Amino acid sequence: MDLRVDGERLLRDLADLARIGQDPAGGISRTAFSPADARAREWYRDRCAEAGLALELDGLGNMVAGRPDTSGVAAVWTGSHIDSVPRGGAFDGALGTVAALECVRRIAESGRTLRRPVRAVVFSDEEGNYGHLLGSTGMRRGFSEADLAAMTGRDGDRLVDALTGWPWAAGAPTATRREPGFLHAFVELHIEQGPTLESAGTDIGVVTSIVGLGGGLVRFSGRADHAGTTPMDARADALLAAARFIGAMPDLARRTGPASVVTTGRVHVEPGGANQVPALAEVLLDFRDPDRARVEQLEEGIARAAHEAAAAHGVTAEWEPDEIVAPVPLDDRIRDVIRASATGLGLSSVDLPSGAGHDSQNMALLVPTAMVFVPSREGRSHSPAEHTDPADVVAGADVLLATLLRLADE
Ligand code: GLV
Ligand code: MN
Ligand code: MN
């Protein structure tokens, strides 16, 4: 059990991947199905080819790398995502992607024979530009033609257009569903994206559960009018309704539960002239709670607040909620394996829940799944400030490798 990752190679890979999608405005913009996402996939394909790993694609662009295997024995998968939020950091998703590649590569070059194949997966659009955890949701439930046709990105572009001619997908996007139990286990390494590990001085987080996710769009529709000639009381100002609605969100979260959060990350206003009363304001929402019933309460509260704000400003509101991604507990037995692997490497560990969403929450509904966290400096994430110390990166990858070796020999 003494196999370790090649730390230098892992850190070099992480630095190389971080150069792809650098945004002149700061951070990394490698959003799903963008040219930067394609360049990152080319980089990944080249690393796989160098290591003699075959790469398979599905119809939504999920990628699985490993040694060719015809044994039919249920495999162990590890991996994460290569896409980022706009102006995000260099570690979210990237760490789990390069560490998974390093583990599979290390096992291949060690010549070690394991009972089960170990494969590295890269999920498409984890950040949910087109749909929450798009690629892994495709594996969990599959999408119909109609589902896919209705999905649009934050800029209003259609998923089906983004996929047309996209070279990093193969087969039908409606044929991505996997059978429950198709793997022996799935393990994802990720940065914590919160402050717990750093403040406690703990090396490794063993994730207990992942938060439930909701989202959607509120569309306020009013009337465009002249900004100079329309009296204040004669307006149907869609943006004023949106502002009132947004202002009500912190209170809704506080009333719903101690761990409830609501975020309005984007507002789109039309027609958009300073001398025009806004006729349209679309507010994009993200809301979460560890308890599904509370995610549903937030969804109802949002609908109510939208209609109240619309009525107060003489406009109309439409609420288009996304499908809720359920909160899930992770697998107790694999968590024990992770803890034992950390202890075996002389590393401290602690149990903690995840407030961020992960593809693991879809995988957990299909196969036994667990996650390993490493510290995030000052808990910062979804920002260029994201940072994890090199020693923590390597320690996390070593815990991942030791965990995979144990699981693959079961
Ligand atoms: C993924 O990073 C999410 O939690 O939105
Ligand atoms: Mn993220
Ligand atoms: Mn992530």
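Counting starts at 1 for both ligands and their atoms, following the listed order. No experiment lies behind these values; they were computed from the predicted model shown.
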Exercise for the section: Verify salt bridge (Lys or Arg N to Asp or Glu O under 4.0 Å) between Arg141 and Asp147, making sure each step is shown before the conclusion. Expected result: CA-CA 11 Å; Arg141 81 194 246 326; Asp147 293 334; 3.3 Å; yes
Exercise for the section: Hey, can you tell me if Phe33 and Trp166 have their rings parallel, tilted or perpendicular (30° and 60° cut-offs)? Expected result: perpendicular
Practice task
Specify whether Phe91 and His387 have parallel, tilted or perpendicular ring planes, treating 30° as the upper limit for parallel and 60° as the lower limit for perpendicular.
Solution key: perpendicular
Exercise for the section: Would you mind running through ligand 1 and noting each atom that sits below 4.0 Å from a heavy atom of Gly357? Expected result: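 What qualifies from ligand 1 is 1 (C), 3 (C), 4 (O).
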Exercise for the section: Check ligand 1 against Glu126 and write out every atom of the ligand that is under 4.0 Å from a heavy-atom position of the residue. Expected result: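 Near Glu126, meaning under 4.0 Å from one of its heavy atoms, ligand 1 has 1 (C), 2 (O).
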Exercise for the section: Give yes or no for whether the N/O distance cutoff of 3.5 Å, strictly under, is met between Ala356 and ligand 1. Expected result: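 No, Ala356 has no N/O under 3.5 Å of an N/O on ligand 1.
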Exercise for the section: Say whether Asp286, considering both its backbone and side-chain N or O atoms, lies within less than 3.5 Å of an N or O atom on ligand 1. Expected result: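 No, since none of the N or O atoms of Asp286 sits under 3.5 Å from an N or O of ligand 1.
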Salt-bridge present ([X], [Y]; N to O < 4.0 Å):
| X | Y | answer |
| --- | --- | --- |
| Arg339 | Asp351 | yes |
| Arg41 | Asp37 | yes |
| Arg67 | Asp69 | no |

Problem - Within 6.0 Å of CZ in Arg154, more than 12 heavy atoms from elsewhere - result: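 Buried by this count: over 12 neighbours within 6.0 Å.
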Practice task
Assess whether salt bridge (Lys or Arg N to Asp or Glu O under 4.0 Å) is satisfied between Asp389 and Arg377, documenting all intermediate values.
Solution key: CA-CA 8 Å; Asp389 285 340; Arg377 186 169 68 198; 5.1 Å; no
Problem - Residue pair Phe186, Phe123: steps toward the ring-ring contact (aromatic ring centres under 6.0 Å, His included) verdict - result: CA-CA 13 Å; Phe186 176 69; Phe123 297 103; 5.8 Å; yes
Practice task
Considering only non-hydrogen protein atoms, determine which one is nearest to atom 1 (C) of ligand 1 and report residue, atom name and distance to 0.1 Å.
Solution key: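 Going by distance alone, atom 1 (C) of ligand 1 is nearest to Glu127 OE1, 3.3 Å.
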Practice task
Could you establish whether Arg288 and ligand 1 come within less than 4.0 Å of each other, counting only heavy atoms on the residue side?
Solution key: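 Yes, Arg288 has a heavy atom closer than 4.0 Å to ligand 1.
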Practice task
Check if His382 has a non-hydrogen atom at a distance under 4.0 Å from any atom of ligand 1.
Solution key: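 Within the 4.0 Å threshold, so yes.
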Exercise for the section: Everything protein-side that's N, O or S and under 2.8 Å from the Mn ion (ligand 3): list it, residue and atom. Expected result: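 Listed by chain and number, the nearby protein N, O or S atoms are His81 NE2, Asp92 OD1, His190 NE2.
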